[in-house]
Amino acid sequence: MRVEINGQSVELHQGDITLEQVDAIVNAANSRLAGGGGVDGAIHRRGGPSIMEETAEKYPDGCPTGSAVITGAGDLAARYVIHAVGPVWSGGGRGEAELLAGAYRRCLELAVEHDCQSIALPALSAGAYRYPIDQAARVGLSTAIEFLRQHGRPSLVRFVLFDAGAYAAFAAALEELSQ
Ligand code: AR6
């Protein structure tokens, strides 16, 4: 699925984000940037050790929840990996939506600051961190749409969803938000 916002594209793909041919791939990291399962495990496996070496060297204090940091992309096809830290879901009353939006917004800012035309993002927080997928989809997409309306960049914002359920949740939210 693809919609145009302010002359730029918002796309949904189902698949493995590590295979995306874009300028920047977003990792669903933890605040210690310590590596883990899910997207994080897949990125470090396919990208090789240089990514973890760079995060350890440049960001020894990690990254706060609701923000993101950038490194090179090792053996991946992308130029950069942006390590975003979404919140752990704990019922919705602990600022989770603002933190999740902040993580997505920082990814888009870093992409623009590094002249990336295209970025691929996963459903941050919607795996190990248990954020309900319908709500995660609305936060991710509304943040991207608002950013594109304000900044007109990057040219391509692609959400890459691992399974059919996540894709369906994002498709329903995009349909609603793009009207
Ligand atoms: N490509 C695209 N999406 C994926 C892939 C993939 N290769 N693998 C999983 N997903 P998660 P979180 C989906 O758990 O919830 C890590 O251990 C997955 O189905 O990767 O932010 C970190 O180190 C889900 O919809 O990230 C942190 O400790 C979404 O990506 C913690 O997990 C996010 O799932 C972060 O948890």
Side-chain angles (χ1 to χ4, degrees), residues 1 10-49 51-56 59-71 73-78 80-92 94-108 110 118-141 143-144 156-174:
M1 182 175 178
V10 176
E11 282 185 3
L12 307 182
H13 271 197
Q14 192 182 332
D16 178 350
I17 198 166
T18 64
L19 301 175
E20 288 290 327
Q21 311 251 348
V22 287
D23 293 328
I25 287 178
V26 173
N27 182 18
N30 54 62
S31 57
R32 289 173 298 123
L33 302 176
V39 176
D40 206 343
I43 283 181
H44 289 294
R45 260 195 313 277
R46 200 179 287 274
I51 301 175
M52 189 67 86
E53 283 160 19
E54 192 178 341
T55 51
Y59 312 107
D61 298 328
C63 172
T65 302
S67 191
V69 297
I70 191 164
T71 65
D75 299 332
L76 299 174
Y80 298 104
V81 173
I82 297 174
H83 306 265
V85 185
V88 176
W89 178 258
S90 46
R94 298 202 173 173
E96 290 96 327
E98 291 75 17
L99 290 166
L100 185 57
Y104 276 117
R105 205 175 300 116
R106 188 68 194 128
C107 290
L108 295 164
L110 282 168
S118 54
I119 181 170
L121 307 113
L124 294 174
S125 288
Y129 285 177
R130 300 184 313 273
Y131 208 109
I133 190 71
D134 293 343
Q135 295 181 56
R138 273 200 295 276
V139 172
L141 286 164
T143 304
L156 173 61
V157 177
R158 180 180 289 157
F159 288 85
V160 180
L161 297 321
F162 208 39
D163 56 55
Y167 184 93
F170 271 72
L174 185 54

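Both ligands and their constituent atoms are indexed starting at 1 by order of listing.
The closest approach between a heavy atom of Gly86 and any atom of ligand 1 is not below 4.0 Å. Contact between Ala166 and ligand 1 is absent, with no heavy atom of the residue lying under 4.0 Å from the ligand. A heavy-atom separation below 4.0 Å is not found between Gly41 and ligand 1.
With distances taken over non-hydrogen atoms, the option nearest atom 3 (N) of ligand 1 out of Phe162, Tyr131, Trp89, Tyr129 is Phe162. When Gly165, Gly127, Ala169 are checked for heavy-atom proximity to atom 24 (C) of ligand 1, Gly127 turns out nearest.
Distances below 4.0 Å separate heavy atoms of Gly36 from the following atoms of ligand 1: 17 (O), 23 (O). Within ligand 1, counting atoms from 1 as listed, the ones closer than 4.0 Å to a heavy atom of Gly15 are 1 (N), 2 (C). Atoms of ligand 1 found under 4.0 Å from any heavy atom of Ile17, numbered from 1 in the order shown, are 1 (N), 2 (C), 6 (C). In summary, the atoms of ligand 1 found under 4.0 Å from a heavy atom of Asp16, numbered by their order in the structure, are 1 (N), 6 (C), 7 (N). Listed by atom number, the atoms of ligand 1 under 4.0 Å from Ala123 heavy atoms are 29 (C), 33 (C). For ligand 1 and Gly35, the ligand atoms under 4.0 Å from any heavy atom of the residue are 23 (O).
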Between Phe162 and Val39, does a side-chain contact (heavy atoms from CB on, under 4.5 Å) hold up when you go through it step by step? CA-CA 9 Å; Phe162 208 39; Val39 176; over 6 Å; no
Check the pair Trp89 / Gln135 against side-chain contact (heavy atoms from CB on, under 4.5 Å), numbers first and verdict last. CA-CA 11 Å; Trp89 178 258; Gln135 295 181 56; 3.6 Å; yes
side-chain contact (heavy atoms from CB on, under 4.5 Å) for Asp23 and Tyr80? Distances and angles first, verdict last. CA-CA 6 Å; Asp23 293 328; Tyr80 298 104; 5.5 Å; no
Walk me through whether Asp75 and Arg46 qualify under side-chain contact (heavy atoms from CB on, under 4.5 Å). CA-CA 7 Å; Asp75 299 332; Arg46 200 179 287 274; over 6 Å; no
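Between the side chain of Ser67 and the main chain of Cys63, no donor-acceptor pair closer than 3.5 Å is present.
Interatomic distance, Thr65 OG1 to Arg94 CZ, rounded to the nearest 0.5 Å: 13.0 Å.
Summary of contacts: the protein heavy atom closest to atom 26 (O) of ligand 1 is Ala28 CB, 3.4 Å. The nearest protein atom to atom 21 (O) of ligand 1, hydrogens excluded, is given as Ser125 N, 2.8 Å; this is a heavy-atom distance.
Ligand 1 has an N or O atom lying under 3.5 Å from an N or O atom of Ala128, backbone or side chain. In terms of polar-atom proximity, Asp40 is counted as a contact of ligand 1, with an N or O under 3.5 Å from an N or O of the ligand. The shortest N or O to N or O distance between Gly37 and ligand 1 is under 3.5 Å. Taking distance alone, with nitrogen or oxygen atoms compared against 3.5 Å, Val39 approaches ligand 1 more closely than that limit. Ligand 1 has an N or O atom lying under 3.5 Å from an N or O atom of Asn30, backbone or side chain. Where the criterion is an N or O separation shorter than 3.5 Å, residue side chain and backbone included, Arg130 fails it with respect to ligand 1.
Side-chain contact check for Leu161 versus His13: every heavy-atom pair is 4.5 Å or farther apart.
The nearest pair of heavy atoms linking Ala68 to Ala103 is CB-O, 4.4 Å. In terms of heavy-atom proximity, Leu124 sits nearest to Ala84 at CD1-CB, 3.8 Å. Closest non-hydrogen pair, Leu141 versus Phe170, comes out as CD1-O, 3.3 Å.
The side-chain contact (heavy atoms from CB on, under 4.5 Å) test with Ile119 is passed by exactly one of Leu110, Val22, Leu108: Leu108.
No hydrogens or angles considered: nothing links the side chains of His83 and Thr55 as a donor-acceptor pair under 3.5 Å.
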